[in-house]
Amino acid sequence: MTELLLIAIGSALVNNVVLSQFLGLCPFLGVSKKTETAAGMGVAVIFVITIASACTSLIYDYILVKLGIEYLQTIVFILVIAALVQFVEMFLKKYMVSLYQALGVYLPLITTNCAVLGVALTNVQKGYNLIESVVNGIGISGGFTISIILLSGVREKIEHNDIPHVFKGSPIVLITAGLMSLAFFGFSGLI
């Protein structure tokens, strides 16, 4: 139990997928303008990464390894992730139309979000079993959600501030993300 807690906390804070590993930056920067949209993206990513972690772990252990075709893991993982994202997209389009429209092009981009594929590959590299893979997926997606909601909150606040013209828009967002990254590096004890 302690090991699972360490995996979850380590994945969410110490090795934050966005702010420490710099994976998944496209939705992190693109969907973080409003807190509601960022939270919706966070929930979608939590669902996709958690289910993808479980599915890819099972497929890797019980199909790819048994057949001796581990070298196909990346292709298989991408197909599984794409199918899960399609499911999420269909669900949001039918039941949460406003969130579906707010996420726009960034929802299908979860398929190509390197954070999702990174979780699946990390689970294989670290030799995690099914439970450890799911906990790692929850931790990483929780860390993604924490970071995107924090950035969206800061972006909403700085929108009303007097910022020099040169820094308006993307420059101030990148500076903010860089400062958040430095703060998260503090969890690893490097700073």
Side-chain angles (χ1 to χ4, degrees), residues 1-33 35 37-61 73-74 77-78 80-81 84-85 88 106 109-158 170 172-191:
M1 186 65 174
T2 305
E3 185 176 325
L4 294 177
L5 185 61
L6 288 174
I7 290 172
I9 291 172
S11 298
L13 300 175
V14 178
N15 297 316
N16 185 284
V17 72
V18 177
L19 300 173
S20 295
Q21 297 177 15
F22 308 113
L23 298 174
L25 290 175
C26 181
F28 175 69
L29 296 172
V31 184
S32 61
K33 291 180 182 177
T35 306
T37 309
M41 176 59 93
V43 170
V45 167
I46 287 172
F47 176 79
V48 169
I49 287 181
T50 303
I51 301 301
S53 295
C55 292
T56 56
S57 177
L58 291 171
I59 289 170
Y60 183 79
D61 290 339
Q73 68 187 10
T74 304
F77 292 173
I78 289 172
V80 169
I81 292 164
L84 288 170
V85 171
V88 169
Y106 294 102
L109 282 177
I110 294 175
T111 302
T112 58
N113 186 341
C114 50
V116 183
L117 180 59
V119 173
L121 294 175
T122 299
N123 291 338
V124 169
Q125 286 175 342
K126 292 188 176 183
Y128 286 159
N129 60 31
L130 176 64
I131 302 297
E132 292 169 335
S133 295
V134 170
V135 168
N136 187 45
I138 291 169
I140 285 182
S141 57
F144 177 87
T145 303
I146 289 168
S147 58
I148 196 170
I149 289 174
L150 284 173
L151 182 64
S152 67
V154 172
R155 284 182 78 170
E156 286 180 354
K157 295 292 182 187
I158 63 176
S170 295
I172 195 68
V173 173
L174 292 173
I175 290 170
T176 304
L179 292 172
M180 287 175 58
S181 180
L182 284 172
F184 271 73
F185 270 125
F187 289 122
S188 67
L190 295 176
I191 296 178

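The structure presented is a predicted model; accordingly, all values stated were derived computationally and were not measured.
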Got a sec, which residues hit side-chain hydrogen bond (donor to acceptor under 3.5 Å, both in side chains) with N16, two or more places apart in sequence or on another chain?
none

With no hydrogens and no angle check, is any side-chain donor or acceptor of Q21 less than 3.5 Å from a backbone partner on N15?
yes

Taking side chain as C-beta onward, heavy atoms only, is L25 less than 4.5 Å from V18?
yes

Work out which heavy atom in F77 is nearest to a heavy atom in A120; give both atom names and the distance.
CD1-CB, 3.6 Å

List the atom pairs, with distances to 0.1 Å, where a side-chain N or O of residues 53-60 and a protein N or O form a donor-acceptor pair under 3.5 Å, not counting sequence neighbours.
unit_1 : atom_1 : unit_2 : atom_2 : d
S53    : OG     : I49    : O      : 2.8
T56    : OG1    : A52    : O      : 2.6
T56    : OG1    : S53    : O      : 3.4

Using residues 148-155 as the side-chain source, report each donor-acceptor pair under 3.5 Å to any protein atom, sequence neighbours left out, with the distance given to one decimal.
unit_1 : atom_1 : unit_2 : atom_2 : d
S152   : OG     : I148   : O      : 3.3
S152   : OG     : I149   : O      : 2.8
R155   : NH1    : L29    : O      : 2.8
R155   : NH1    : S32    : OG     : 2.8

So, for G142 and I46, which heavy atoms are closest and what is the spacing to 0.1 Å?
N-CG1, 4.3 Å

Least distance between heavy atoms, L84 atom then V48 atom:
CD1-O, 3.9 Å

Give, for atom CE of M1 and atom CG of L6, the distance between the pair rounded to the nearest 0.5 Å.
11.0 Å

Does the side chain of F28 come within less than 4.5 Å of L19's, by heavy atoms?
yes

For S141 and I138, which heavy atoms make the closest approach, and how far apart are they?
OG-O, 3.2 Å

CG of L182 to CG of L179, rounded to nearest 0.5 Å, is 6.0 Å

Just do the side-chain contact (heavy atoms from CB on, under 4.5 Å) check on T145 and V43 with the steps written out, would you?
CA-CA 7 Å; T145 303; V43 170; 5.9 Å; no

Rounded distance [0.5 Å steps], OH in Y128 versus CG in L4:
9.5 Å

Atom CD1 of I131: over 12 foreign heavy atoms under 6.0 Å:
no

Are any non-hydrogen side-chain atoms of P27 and F144 less than 4.5 angstrom apart?
yes

Under 4.5 Å between any side-chain heavy atoms of I146 and F184, yes or no?
yes

Where is the tightest heavy-atom contact between G127 and E132, given as atom of each residue plus distance?
O-OE1, 4.3 Å

To the nearest 0.5 Å, atom CG of L117 lies from atom OG1 of T74 at 6.0 Å

Could you state the interatomic distance from CD1 (I158) to OG1 (T176), rounded to the nearest 0.5 Å?
4.0 Å

